[in-house]
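Working notes for the structure below.
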Protein chains: 2
Amino acid sequence: MAAEESTAIRRRGRPRKSQGGDDADPRVAIVAAASALFAAQGIEAVTMAQVAERAGLQQSSIYYWFRSKADVLRAILEDVNRIPLRIVEEARTSGGPIADRLHRLIREDVLALCRFPFDINEIHRLAAGDPDGFADYWEERARLDQEVAALVSEGVASGALRPVDPVLAARSLLAADEATQNWFRVGGDPDYTEEDVAAHVAVAGVRSLLADGVDWTPA
Amino acid sequence: MAAEESTAIRRRGRPRKSQGGDDADPRVAIVAAASALFAAQGIEAVTMAQVAERAGLQQSSIYYWFRSKADVLRAILEDVNRIPLRIVEEARTSGGPIADRLHRLIREDVLALCRFPFDINEIHRLAAGDPDGFADYWEERARLDQEVAALVSEGVASGALRPVDPVLAARSLLAADEATQNWFRVGGDPDYTEEDVAAHVAVAGVRSLLADGVDWTPA
DNA sequence: GTCTATATCTGGATAGAC
DNA sequence: GTCTATCCAGATATAGAC
């Protein structure tokens, strides 16, 4: 994107007025600043001026690195969007009883989402309003659904899980994970740690699908 | 709020340019218009001009009936916010096995939320940004949590439910309901009806909490 | 490369005529 | 009561100096 300095010490351009962010790659600083602010206030509520201030730049300087606010958001989503997918794929390909794999999947997904610096629901709304600009996002999300559904399907076929609709069950599980993230972020209830919540949701998720008469307790 | 016309036929004020909304109480028309638009586009994305147009008024005329956009939102929340609470209270006071009552509660809550004309998550964000203005909202929401927790608590005490933390379990259940609403609204997946979804979530919710060895199927 | 300055646009809210 | 006209604030994005 931006020009790269080979090895010279001298910086290009007018010196910064004040550096609040890391003096490193401004692109990185901008993304970091935007992440934190988006997380704290919601994406739409954050102005480019705020992002700039936190990144140690003037407002307009951001436009040297990114062409728009949506462009900044896309850069962030690129980094973090693949985490749940990676978790699911791990659960899909690993061995062992379905219930254990499902349990691990939900637990890790909730934990990952809780650490995720955004309100996923807000992202969904923004992405829904600009389907073309977020085509990658939607594609990955669809794959996430499919992977989980496949896992549930496997469990139903093996008799470990009761005969639910795999697609419906998968979406419900993922929705529950996202919902957990949301109220955990908003409420910030200090009585429960992320681990408490993740553990509860994971056990509840598995047991909600377990076949009758199957005995299971978390490994 | 606004002056009431006793029985006279004559209307006050300058005639409307064009009436798109019901000719009834403009307050009602405004609320209805705002509800529909908020639901379709998200609250923050809707402008007062849009609301006015749909209500058959000019943009500024809204300010005769409401003092601000947030005021319109509050008027809407007043009407709909009590529905889940009513459902929960019914489940609390009615008789029968806990599992059945819980099942009915979740099912009806999901159905109510799916018909709810808003993204609850967006409301939470807005309300979080203006805690004073939405004090009533938060209070009712807290009561909702407490009621469900009390129901779970009763089930745990009676041995029908496994020994979960009632508060954590209650929040998880409600979060799942809200999450369901969200993806149902956004995704609009035509493969499943509201009833399909509500039925699945309700059964899953109950089974996720059922004590070991307890046999239960939906009534 | 980053700055200052500013164009442009949008949306909430007000003033006063009718 | 509703209108027209307008103010005002805040935000994105651009132009051009340094």
Side-chain angles (χ1 to χ4, degrees), chain A residues 1-6 8-30 33-34 37-38 41-73 126 130 133, chain B residues 1-6 8-30 33-34 37-38 41-74 126 129-130 133:
Chain A
M1 311 278 156
E4 192 85 12
E5 191 60 20
S6 53
I9 295 162
R10 174 168 273 290
R11 295 292 179 85
R12 292 188 209 267
R14 179 192 280 202
R16 290 187 192 176
K17 199 171 186 182
S18 70
Q19 71 281 41
D22 297 316
D23 224 10
D25 182 2
R27 236 188 121 83
V28 173
I30 291 167
L37 289 168
F38 288 176
Q41 308 177 8
I43 299 164
E44 283 172 323
V46 173
T47 71
M48 294 298 257
Q50 288 179 287
V51 174
E53 185 186 359
R54 183 155 182 151
L57 293 174
Q58 293 301 311
Q59 180 258 9
S60 67
S61 297
I62 294 184
Y63 290 88
Y64 178 83
W65 300 99
F66 296 91
R67 53 174 50 251
S68 69
K69 187 178 174 180
D71 202 34
V72 176
L73 177 58
L126 292 175
D130 179 13
Chain B
M1 303 282 161
E4 192 84 14
E5 191 59 20
S6 53
I9 295 161
R10 174 165 272 292
R11 295 292 177 83
R12 291 189 210 266
R14 180 193 279 205
R16 288 188 193 177
K17 198 173 187 179
S18 70
Q19 70 282 41
D22 297 317
D23 224 10
D25 182 1
R27 239 188 117 82
V28 174
I30 291 167
L37 289 168
F38 287 176
Q41 308 177 8
I43 298 164
E44 283 172 323
V46 173
T47 71
M48 293 299 257
Q50 288 178 287
V51 175
E53 186 185 359
R54 185 156 180 150
L57 293 174
Q58 293 300 313
Q59 181 257 9
S60 67
S61 296
I62 294 183
Y63 289 88
Y64 178 82
W65 299 99
F66 296 90
R67 52 172 53 250
S68 70
K69 186 179 177 182
D71 202 34
V72 176
L73 177 58
R74 263 193 298 274
L126 292 175
D130 178 14

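So you know, we letter chains A, B, ... as the sequences are listed, proteins then strands, and number each from 1. This structure is a prediction, so every number in the text was calculated from the model and none was measured.
When the C1' atom of D/dA15 is taken as reference, atom CD1 of A/Ile62 falls 18 Å away, rounded to whole Å. C/dG12 atom P lies 12 Å from atom CG of B/Leu37, rounded to whole Å. Atom pair A/Arg67:CZ and D/dT12:P shows a separation of 17 Å (rounding to whole Å applied). When rounded to the nearest whole Å, the span between CD of B/Gln58 and P of C/dC18 equals 17 Å. In this entry the distance linking OH of A/Tyr64 with P of C/dT4 reads 18 Å, nearest Å. Rounded to whole Å, atom P of C/dG1 lies 10 Å from atom CG of A/Asp25. Here C/dC3 presents its P atom at 12 Å from CD of A/Glu53, a figure rounded to the nearest Å. Straight-line distance from the CD atom of B/Gln41 to the C1' atom of C/dT10: 15 Å, rounded to whole Å.
Residue contacts for B/Thr47: at a heavy-atom cut-off of 4.0 Å it reaches the sugar-phosphate backbone alone, with no base atom in range. Counting any heavy atom pair closer than 4.0 Å across all strands shown, A/Val46 reaches sugar-phosphate atoms only and no base atom.
With hydrogens and angles ignored, a donor-acceptor pair closer than 3.5 Å exists between the side chain of B/Ser60 and the base of D/dT4. Residue side chain B/Gln59 reaches the base of C/dA13 through a donor-acceptor N/O pair under 3.5 Å, judged by distance alone.
Scanning both residues, B/Arg27 and B/Trp65, for their nearest heavy atoms gives NH1-O, 2.9 Å. The shortest heavy-atom contact between B/Ser68 and B/Met48 is C-CE, 4.1 Å.
Of all nucleotides listed (D/dT2, D/dA13, C/dG12), D/dA13 comes nearest to the side chain of A/Lys69.
Taking CD from A/Gln41 and CD from A/Gln50, the interatomic distance works out to 4.5 Å, rounded to the nearest 0.5 Å. Between the NZ atom in A/Lys69 and the CD1 atom in A/Ile43 there is a gap of 8.0 Å [rounded to 0.5 Å].
Comparing B/Ser61 and A/Ala70 against DNA chain D, the residue whose closest nucleotide sits nearer the 5' end is B/Ser61.
At least one side-chain heavy atom of A/Ile30 sits less than 4.5 Å from a side-chain heavy atom of A/Val51.
Contact annotation: B/Tyr63 reaches the phosphate of C/dA13 (side-chain N/O to OP1 or OP2, under 4.0 Å).
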